[in-house]
There are 2 protein chains.
Amino acid sequence: MALTPLTRQFVSHFGEMGSRWGINRTVGQLYALIFVSDRPLNADELAEMLEFSRSNVSMGLKELQAWRLVRLKHIPADRREYFEAPEDVWQIFKTLAEERRRREIEPTLSMLRGALLEAPASATDKHAQKRMREMHDLIEMTTNWFDDVQRLDPETLVQFMRMGAKVQKLLELKDRMKLVGGKSGGSNRS
Amino acid sequence: MALTPLTRQFVSHFGEMGSRWGINRTVGQLYALIFVSDRPLNADELAEMLEFSRSNVSMGLKELQAWRLVRLKHIPADRREYFEAPEDVWQIFKTLAEERRRREIEPTLSMLRGALLEAPASATDKHAQKRMREMHDLIEMTTNWFDDVQRLDPETLVQFMRMGAKVQKLLELKDRMKLVGGKSGGSNRS
DNA sequence: CTGAATTTTCAGAAATTACTGAAAATTGAT
DNA sequence: ATCAATTTTCAGTAATTTCTGAAAATTCAG
């Protein structure tokens, strides 16, 4: 079963882009193919369609599962394992964000918190800590906020995103009415 | 001039993380050091402090400039070029987002748009296009929205982010008052 | 202009990462 | 329990990426 030109185009783009993310070409192509497929695919099919070795496909699928980007689906009366991507693209996006957070953001925050606890040994260290605190606070604010947004139900979220820059007007409205939150900007986290 | 333990820790974390992003270890470490430094640094200083070859530093700085993450600063009566990172961490974040958008998002959107113009040759292609359209629409909505948010003045933005999930209440308020936007959810882009 | 200081380029070496085939392990139908 | 089907592992190899030193190019003070 050969790839159609349409799918080939999509798959090879993901292969190239894959290297810009942390994932490699094989993994990118595997995901792309599973994503557009109209039915779950097994490892042999993937290996044949993409012309990768069977073992390479096995390793790639393992990585995609670690990222929670594909899931196993068993087909009755077939012993082989089939793979599919979740239907809901917004769910996929959230999974990607969660995994990146776990792998990249959290270790960085934790390093920064450690560094900020140390006693600065010099003026240079003091300045370095100031910069690290700025970075820490920005990352923490941004990720906490993303967490909150992620929890909105999809409809509210779409409505919210479509509003775009009008949010500014909404905030002005809020301030005028003092209906949401307590004193000076509302209570918040940590 | 040796690195203090504090800075060494920060710098080597960025070296390791660098490889998870598209940038390599050298570039990550160079950036980290420039970011925390309390004064602009020149290429020789960077090479000595990080124990990289001078040519490696030259290439790394070129890449950081291409990302607009460092800028040149000339010091009076010194012919050498000094490098510094912008002060404002939010500005840095925006630059990073813009560059990633230009390098990763835009090419992907453009590939997707191309693929969506083609006439599907089969039911399989039809399904593939459906998936591609879902991906395209999600990416487009998310990046356009980020563009809008990016344009908010920093104070509004911080206020907005600190609100977090309370945005839902704000949207309910908006709906009750019908003060923002026209019919059914407000007009929007493309 | 000249030439020393500085930066950039680039071919090859070193290091890292990706990929393969063969063998081992696992699975599940009988 | 057996064994064929299937998946995983892993050592070795291939491919890619990163890094270096030497040479070329550029810059600018005099």
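Lettering follows sequence order; numbering is per chain, from 1.
When every heavy atom of A:R102 is checked against every heavy atom of A:A66, the shortest pair comes out as NH2-O, 4.4 Å.
A nucleotide of DNA chain C counts as in contact with chain B when one of its atoms lies under 4.0 Å from a heavy atom; the first and last such, 5' to 3', are C:dA4 to C:dT9.
Of the listed residues (A:L64, A:L41, A:L61), just one forms a side chain to side chain contact (heavy atoms under 4.5 Å, CB included) with A:F83, and that residue is A:L61.
When ring centroids are compared, B:F160 and A:F160 come within the 6.0 Å threshold.
A donor atom on one side chain and an acceptor atom on the other are found under 3.5 Å apart for B:Q91 and B:T95. Of the N and O atoms on the side chains of A:E106 and A:S110, not one donor lies less than 3.5 Å from an acceptor on the other residue. With hydrogens and angles left out, the side-chain atoms of A:N56 and A:S53 include no donor and acceptor closer than 3.5 Å.
Taking the six-membered ring where tryptophan is involved, the planes of B:F35 and B:Y31 are tilted, since the angle between them lies from 30° to 60°. Between A:F14 and A:F10, the angle of the ring planes lies from 30° to 60°, which puts this pair in the tilted group.
Relative to the six-membered ring of B:W21, A:R100 meets both conditions, a distance below 6.0 Å and an angle of at most 45° to the axis.
In this structure, B:Y82 and A:H74 both approach DNA chain C, and ranking their closest nucleotides by distance from the 5' end singles out B:Y82.
Contact annotation for A:R79: base contact, defined as any heavy-atom pair under 4.0 Å involving a base atom.
The side chain of B:N24 places an N or O atom within less than 4.0 Å of a non-bridging phosphate oxygen (OP1 or OP2) of D:dC19.
Interatomic distance, CD of A:E140 versus CD1 of A:I105, reported as 11.5 Å (0.5 Å rounding).
Near DNA chain C, meaning a heavy atom under 4.0 Å from it, residues 26-42 of chain A has A:T26 in order of number. A heavy atom lying under 4.0 Å from DNA chain C marks the following residues of residues 43-63 of chain B, by number: B:R54, B:S55, B:S58, B:K62.
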